[in-house]
There are 2 protein chains.
Amino acid sequence: MDLEFILLGMLHQPASGYDLKCDFDAGPRYFWSAELSQIYPALQKMQRRGWLRSHRQASPHGPERRVYVRTAKGSRSLHAWLRGEPVIGTQRLAYIGQLIFMGELADRARTRVFLKRLRDRLNAMAELLESAERGLRAREATTPAQPLGHQFHELLCLRMGIASLRAKIAVCDEGLRLIRRQGPRRPGQRGGGK
Amino acid sequence: MDLEFILLGMLHQPASGYDLKCDFDAGPRYFWSAELSQIYPALQKMQRRGWLRSHRQASPHGPERRVYVRTAKGSRSLHAWLRGEPVIGTQRLAYIGQLIFMGELADRARTRVFLKRLRDRLNAMAELLESAERGLRAREATTPAQPLGHQFHELLCLRMGIASLRAKIAVCDEGLRLIRRQGPRRPGQRGGGK
DNA sequence: CCACGCATGTAATAGGTTACATGATTTA
DNA sequence: TAAATCATGTAACCTATTACATGCGTGG
């Protein structure tokens, strides 16, 4: 259900299924993702329900496109969702599970490598969002935009993603510092040194 | 697949499907969740694969329990997963979608209410994790534990969750401040005043 | 001509939630 | 005795990923 509302939101201007997939992959949509094989049937279903209209359109680069347009009914559905309670949704952060259970290996070198790799991954995501933020700020400088309009909301979302990632990265670094402070011991070696 | 490894990790000591479900609901497992109807078949499948053994055991509180124990083969599988790359997994944060598209409503009172509610929800989760952290630190004070053992890893995970939530809450507050600074205008009213 | 990007779809499978069926023990 | 907690499971459904099928247009 939520996917449909998100597609509805992304259709503030007409777009094809392919366009929407590109939007999902474009980084700022870090909070959700979907495959084409999920998007196409969803759009068809939404059209049957009267939330969208569509028409075929020639493409300059390839085969004919099917462009979807949101109807008034679709807008009403979206707005009802927006006015509702915040939908928390689900997280499946397998890396947290790996980190919790990694104590079992009792191998601080492993934990160190893991934390470094995790930090790198999180950092790469953060940099993506940060470049999107810079892009948004640049657009803001040229076009004035209304005081608390779309750009304000998009900026908040980006900052939330960035802040969350940076906070996690800081905890990785904290963990790495603690390991370093304990000195380089291999598994099997028993502790005792200050 | 990841669910199975997480169950394997949770089975560092023998447990029933019901026990594991309680663990998932107990907060510290904020990063993942599963229903009983998913857990029971998963355990059966893992037993068929030789990762677990199980035996029936009378319960003092109700019907007979089926208690699962991890085998050496199960431990090897888990450890291979732990030594592998960090698994990023998926997020489906519908509330970020709501916030992005909320610009369309052009109703700052709505955005304000939404941000307040979101902050409250995130705060409730953070408090849950913080109480788990206090509990862990209390246990740490009594039992010494090895330098970088299970408690170290669990603490890192808790801190990561807490830090991420607190960072998001700070962005909510930042958004609320910006809205307040713009003064209380209703939708339809056009901006302009400094 | 082949690889790549553009473009739309279906089929098979895996992962996850909600609803249902059953029954024991404890507590109000 | 009714409700709550403990306990295990299946069935139906929804959501999501991977694999497959098709075909246009551009550039090497």
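Values reported hereafter were calculated over all heavy atoms of this structure, with side chains retained and with hydrogens, waters and symmetry mates removed. A note on names: the letters A, B, ... follow the listed sequences, proteins ahead of strands, and every chain is numbered from 1.
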Margin query: Any side-chain N or O of A/Gln38 below 4.0 angstrom from OP1/OP2 of D/dT17?
Written below: yes
Notebook entry, point to check: Among D/dG23, C/dT8, D/dG9, which is the nearest nucleotide to the side chain of A/Leu36?
Noted result: C/dT8
Check: So what does B/Pro60 hit on the nucleic acid, given a heavy-atom distance under 4.0 Å: a base, only sugar-phosphate, or nothing?
Finding: sugar-phosphate
Note to self: With a 4.0 Å cutoff (strictly under), does any side-chain N or O of A/Arg66 reach OP1 or OP2 of C/dT8?
What the structure shows: no
Note to self: Does C/dG9 have its OP1 or OP2 closer than 4.0 Å to a side-chain nitrogen or oxygen of A/Tyr40?
What the structure shows: no
Check: DNA chain C: B/Ser59 or A/Ser16, which has the more 5' nearest nucleotide?
Finding: A/Ser16
Check: Just to confirm, is there a sub-4.0 Å distance from OP1 or OP2 of D/dA16 to any side-chain nitrogen or oxygen of B/Arg92?
Finding: yes
Next item on the list: Could you state the atom-to-atom distance from NZ of B/Lys21 to P of D/dG9 in whole Å?
Entry: 16 Å
Check: For B/His153, which of A/Ile100, A/Leu99, A/Leu105 qualifies under side chain to side chain contact (heavy atoms under 4.5 Å, CB included)?
Finding: A/Leu99
Next item on the list: Could you tell me the separation between the NZ atom of A/Lys45 and the C1' atom of C/dT10, rounded to a whole number of Å?
Entry: 17 Å
Next item on the list: Send over the distance from A/Met1 CE to C/dT18 C1', rounded to a whole Å.
Entry: 16 Å
Check: Between D/dA4 atom C1' and B/His61 atom NE2, what is the distance in whole Å?
Finding: 14 Å
Checklist line | Protein-nucleotide distance (A/Leu3, atom CG; C/dT17, atom P), rounded to Å | finding: 16 Å
Check: In terms of the nearest nucleotide of DNA chain D, which residue is placed more toward the 5' end: A/Gly62 or A/Ala34?
Finding: A/Ala34
Notebook entry, point to check: Taking C-beta and beyond as the side chain, do B/Leu11 and B/Leu43 meet within less than 4.5 Å on heavy atoms?
Noted result: yes
Notebook entry, point to check: Which nucleotide in the set C/dA7, C/dG9, C/dT18 lies at the smallest distance from any side-chain heavy atom of A/Asp19?
Noted result: C/dA7
Next item on the list: Measure the distance from CZ on A/Phe5 to P on D/dT15 and round it to the nearest whole Å.
Entry: 11 Å
Note to self: Can a side-chain donor-acceptor contact be found between B/Arg70 and B/Ser75 if the only test is distance below 3.5 angstrom?
What the structure shows: yes
Checklist line | Protein-nucleotide distance (B/Tyr18, atom OH; C/dT25, atom P), rounded to Å | finding: 15 Å
Next item on the list: Quickly work out the B/Glu35 CD to D/dG9 P distance and round it to whole Å.
Entry: 17 Å
Notebook entry, point to check: For the ring pair A/Phe5 and A/Trp51, is the centre-to-centre distance below 6.0 Å?
Noted result: yes
Margin query: One thing to verify: whether B/Arg134 and B/Glu130 come together as a salt bridge, which I'm taking to mean a side-chain N less than 4.0 angstrom from a carboxylate O.
Written below: no
